[in-house]
Amino acid sequence: MTDLRQTTGAPGSHILGVGAYEPRRVVDNAELCAWIDSSDEWIRQRTGIVERRWAGEDESLLAMTATAGRRALAHAGMAPTDVDAVLVATVTRLAQFPALAVELAAELGCGPAAAWDVSAACAGFGYALAQADALVRAGTARHVLVVAGDRLTDLTDFHDRATAFLFADGAGAVVVGPWDRPGVGPVVWGSDGSQKDVIRQTLAWDAAVAKGQPPFITMDGQKVFKWALTDVVEVTRRAIEAAGLRPEQIDLFVPHQANDRITDAMLRQLRLPADVVVSRHIRQTGNTSSSSIPIGLARLYHDGLVAPGATCLMVGFGAGLVFAGQVAVLP
Ligand code: UT7
């Protein structure tokens, strides 16, 4: 038997920088209600959303993720050439190939970094962060750029009263690098394909092409809501335990921005400390799928709410159904 040499990485990984991009156009509830039979009051009460951001033609998925990636690299004080791997979490890349990550690596000047996309809907950022942590600890990559971006409006039926008010666009990114101790806790993740129809596309791409209409997102909101309040709360609790922490040791809570009422219910059940800082940017951004957690991180930095070394609890959940929760130490 021949022994092969193998790489060994760092004892832990660490988030080194954070960045985001939010589209210019702000669409408030009054403007949205021109499309659907709804009201500002109903949307605020049921979701917390006051306004959302929709990308314009020049704010492509590549343009948005590139700006978020550049900002994360600048925050980390790193050059694009320092990056060994680029991961992009997205479900709204409309071309099958090449991966958006490959285009992004070239756009940012990260080539010849390894680059691939991760398809895990609103849990995509957590999935990609877990991969980045594993790559750094295994010594497969030293610095990984994790980017999450979605243009949900490309797949939104603006006449669908059940979804049109929720979905929006954006991108966020973090740089992950080696550390002398764990700075990204174990991920608690998984999937439940038996619920694949709960959030789905109305048509597969081949049928959409044949019919000449886009495959819109459709959702049984109440089922997702109930699942989030039971199973996803448990996932979040387990993520705290997996990191070896107690709820009172969490400084910041950045849940996927699906609904302010889901965040409220999670807070009631998780027993986080009274002064925990909680992301509530759904009020200004709507639901931006994979990018909602890194957008939340960037907003916390922008608002001066992150003390270096703060512990941040994150959980993403969505179409699949899929989920991913983890705790990270922030720079
Ligand atoms: O990111 C992926 C994960 N996605 C989620 O986590 C979404 C989770 N689900 C939700 O956030 C909520 O289910 C929604 C915000 C989507 C919907 O809120 P809800 O409280 O579950 O509303 P509902 O579907 O139970 O409808 C309640 C009422 C109904 O009227 P009746 O039967 O009580 O008279 C609906 O017809 O609200 C009515 N309704 C609306 N009214 C005004 C439904 N949609 C609207 C609307 N505007 N857009």
Side-chain angles (χ1 to χ4, degrees), residues 20-57 59 61 64 90-92 94 121-125 148-172 195 197-203 213-229 232 254-266 278-293 295-296 299 315-321:
Y21 179 80
E22 298 181 21
R24 288 186 304 273
R25 183 171 170 215
V26 176
V27 178
D28 64 16
N29 290 338
E31 183 179 349
L32 191 99
C33 289
W35 297 85
I36 52 169
D37 175 17
S38 189
S39 67
D40 175 46
E41 190 191 6
W42 189 93
I43 297 170
R44 281 184 200 231
Q45 280 182 358
R46 294 287 173 144
T47 68
I49 298 172
V50 175
E51 59 194 27
R52 73 282 292 142
R53 285 156 184 270
W54 287 357
E57 271 183 30
E59 293 167 309
L61 211 42
M64 294 197 298
T90 185
V91 285
T92 49
L94 301 185
C122 307
F125 175 74
D150 274 301
R151 271 178 60 116
L152 291 179
T153 54
D154 286 341
L155 300 178
T156 300
D157 177 356
F158 296 115
H159 297 287
D160 178 12
R161 197 171 177 243
T163 59
F165 57 91
L166 278 176
F167 297 137
D169 309 320
Q195 300 202 65
D197 289 336
V198 173
I199 310 172
R200 62 178 203 283
Q201 290 184 237
T202 47
L203 294 169
Q213 68 183 68
F216 294 125
I217 306 167
T218 182
M219 175 177 75
D220 183 336
Q222 280 197 6
K223 275 198 182 151
V224 186
F225 199 97
K226 284 181 188 150
W227 171 72
L229 266 46
V232 179
V254 184
H256 168 51
Q257 302 290 292
N259 189 316
D260 242 358
R261 289 189 295 139
I262 293 178
T263 302
D264 290 339
M266 285 181 161
V278 182
S279 279
R280 299 269 191 188
H281 58 88
I282 191 171
R283 296 168 185 175
Q284 285 81 41
T285 63
N287 178 342
T288 61
S289 191
S290 66
S291 66
S292 81
I293 291 176
I295 285 177
R299 278 180 166 249
V315 64
F317 53 92
L321 297 172

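Along the sequence shown, residues carry numbers from 1.
Side-chain N or O atoms of Asp260 include none that pairs as donor or acceptor with a backbone N or O of Arg280 at under 3.5 Å. With Thr202 contributing its side chain and Phe216 its backbone, the two residues share a donor-acceptor pair below 3.5 Å. Panel note: side chain Ser291, backbone Gly170; a donor-acceptor pair is recorded below 3.5 Å. Judged purely by atom type and a 3.5 angstrom limit, Gln45 has no side-chain atom pairing as donor or acceptor with the backbone of Ile43. Judged purely by atom type and a 3.5 angstrom limit, His256 has no side-chain atom pairing as donor or acceptor with the backbone of Asn287. A distance-only check finds a donor-acceptor pair linking the side chain of Arg151 to the backbone of Glu59 [under 3.5 Å]. Side chain of Asn29 to backbone of Ile49: a donor-acceptor contact under 3.5 angstrom is found.
Annotation: the span from Thr90 atom OG1 to Asp150 atom CG amounts to 4.0 Å, rounded to 0.5 Å. With rounding to the nearest 0.5 angstrom, the OG1 atom of Thr285 is 6.0 Å from the CD1 atom of Ile295. Taken to the nearest 0.5 Å, the CZ atom of Phe317 stands 4.5 Å off from the CE atom of Met266. Distance check, rounded to the nearest 0.5 Å: OG of Ser38 to CG of Leu32 gives 7.5 Å. With values rounded to the nearest 0.5 angstrom, Ile199 atom CD1 is found 8.5 Å from Ser289 atom OG.
Put simply, the side chain of Val50 does not reach to within 4.5 Å of the side chain of Asp28, judged on heavy atoms. Looking at Pro214 and Gln201, their side chains never come closer than 4.5 Å, going by heavy atoms from C-beta outward.
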Problem - Check against side-chain contact (heavy atoms from CB on, under 4.5 Å), Gln257 and Ser279 - result: CA-CA 8 Å; Gln257 302 290 292; Ser279 279; 3.8 Å; yes
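Shown here is Trp227, whose CH2 atom has more than 12 heavy atoms of other residues, nucleotides or ligands within 6.0 Å.
Closest of all the heavy-atom pairs between Ser290 and Ala148 is O-CB, 3.3 Å. Minimum heavy-atom separation, Ala319 to Ala121: O-CB, 3.6 Å.
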Residues 155-169, side-chain donor-acceptor partners within the protein, below 3.5 Å, at least two apart:
residue : atom : partner : partner atom : Å
Thr156  : OG1  : Leu152  : O            : 2.7
Asp157  : OD1  : His159  : N            : 2.9
Asp160  : OD1  : Ala162  : N            : 3.0
Asp160  : OD2  : Thr163  : OG1          : 2.8
Arg161  : NE   : Asp37   : O            : 2.6
Asp169  : OD1  : Leu152  : N            : 2.9
Asp169  : OD1  : Thr153  : N            : 3.0
Asp169  : OD1  : Thr153  : OG1          : 3.1
Asp169  : OD2  : Ala55   : N            : 2.7
Asp169  : OD2  : Thr153  : OG1          : 2.7

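Sorted by first and then second residue, the salt bridge (Lys or Arg N to Asp or Glu O under 4.0 Å) pairs with a member in residues 43-53 read Glu22-Arg53, Asp40-Arg44; sequence neighbours excluded.
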